[in-house]
Amino acid sequence: MTSPRTMAARHFRYPATREIDEQTHLGEVYMRSLIRTQFRLALFVCTVLGCVVGGLPLLFLLVPELREVRLLGIPLPWAVLAGLIYPAFVTGAWLYVRQAERNERHFAELVDRER
């Protein structure tokens with residue numbers, strides 16, 4: 001009675017990639033979690049950039065002295081809203097892509113680990 005059971009049925013597990021490819025319920029759960037993570041990230045980045053862009057006119061409205069400041073001969077509100085805001089957009093986009101790729105890498109690791 002010391003030998004292993006050789007007649008027992010082996011339980012075969014589908015790899016997670018197969019679950020996703022065959023669009024099973026578990027595959028849908030995996031994909032929904034990735035999409036939800038990416039959506040939360042997109043909402044966060046859009047919210048931050050929206051607050052910055054929406055907050056600047058509010059700042060210039062609440063602090064009238066800033067409207068009189070000139071940057072290279074251009075009023076500060078125009079300089080900020082017409083030119084200096086674009087680096088913030090580029091930085092936000094770069095951070096978004098970096099984090100989205102990290103999310104996808106973690107998802108791929110999770111799916112590969114299930115094999």
Side-chain angles (χ1 to χ4, degrees):
M1 296 290 272
T2 59
S3 67
R5 289 178 51 185
T6 56
M7 300 301 284
R10 293 185 180 208
H11 179 62
F12 179 73
R13 281 183 45 189
Y14 282 168
T17 54
R18 187 169 177 184
E19 297 282 350
I20 293 169
D21 290 341
E22 292 180 359
Q23 298 178 350
T24 63
H25 181 67
L26 181 59
E28 287 178 21
V29 170
Y30 278 122
M31 290 307 298
R32 214 172 318 140
S33 72
L34 175 64
I35 291 170
R36 191 175 300 131
T37 301
Q38 298 293 50
F39 184 66
R40 274 194 305 263
L41 175 63
L43 279 179
F44 175 74
V45 170
C46 288
T47 302
V48 169
L49 287 175
C51 288
V52 169
V53 172
L56 285 173
L58 187 62
L59 175 69
F60 294 133
L61 181 68
L62 295 175
V63 185
E65 300 84 31
L66 288 177
R67 286 184 258 164
E68 305 305 321
V69 175
R70 295 203 171 270
L71 183 66
L72 301 172
I74 302 171
L76 183 63
W78 282 100
V80 170
L81 292 174
L84 298 178
I85 198 71
Y86 293 108
F89 283 138
V90 170
T91 303
W94 178 74
L95 290 172
Y96 171 78
V97 168
R98 190 169 153 226
Q99 185 63 41
E101 287 174 347
R102 183 179 297 151
N103 289 344
E104 290 174 2
R105 219 174 16 256
H106 289 314
F107 178 76
E109 289 170 4
L110 173 73
V111 169
D112 286 341
R113 186 176 21 185
E114 294 291 325
R115 286 184 176 186

Sequence neighbours excluded, which residues qualify as side chain to side chain donor-acceptor pair (under 3.5 Å) partners of E104? Q38
Would you check if W78 and R70 make a side-chain contact, meaning some heavy-atom pair closer than 4.5 Å? no
If hydrophobic clusters are built by linking Ile, Leu, Val, Met, Phe, Trp and Tyr wherever their side-chain heavy atoms come under 4.5 Å apart, do V90 and V97 end up in the same one? no
Do V80 and L71 come close enough that some side-chain heavy atom pair is under 4.5 Å? no
For residues 39-65, dump all side-chain donor-acceptor pairs below 3.5 Å to protein atoms at least two apart in sequence or in another chain.
from	atom 1	to	atom 2	distance (Å)
T47	OG1	L43	O	2.6

Taken to the nearest 0.5 Å, the spacing of E101 CD from N103 CG works out to 10.0 Å
When every non-hydrogen atom of L76 is compared with those of L66, the smallest separation belongs to CB-O, 3.7 Å
Between the CD atom in E28 and the CD1 atom in I35, the distance rounded to the nearest 0.5 Å is 10.0 Å
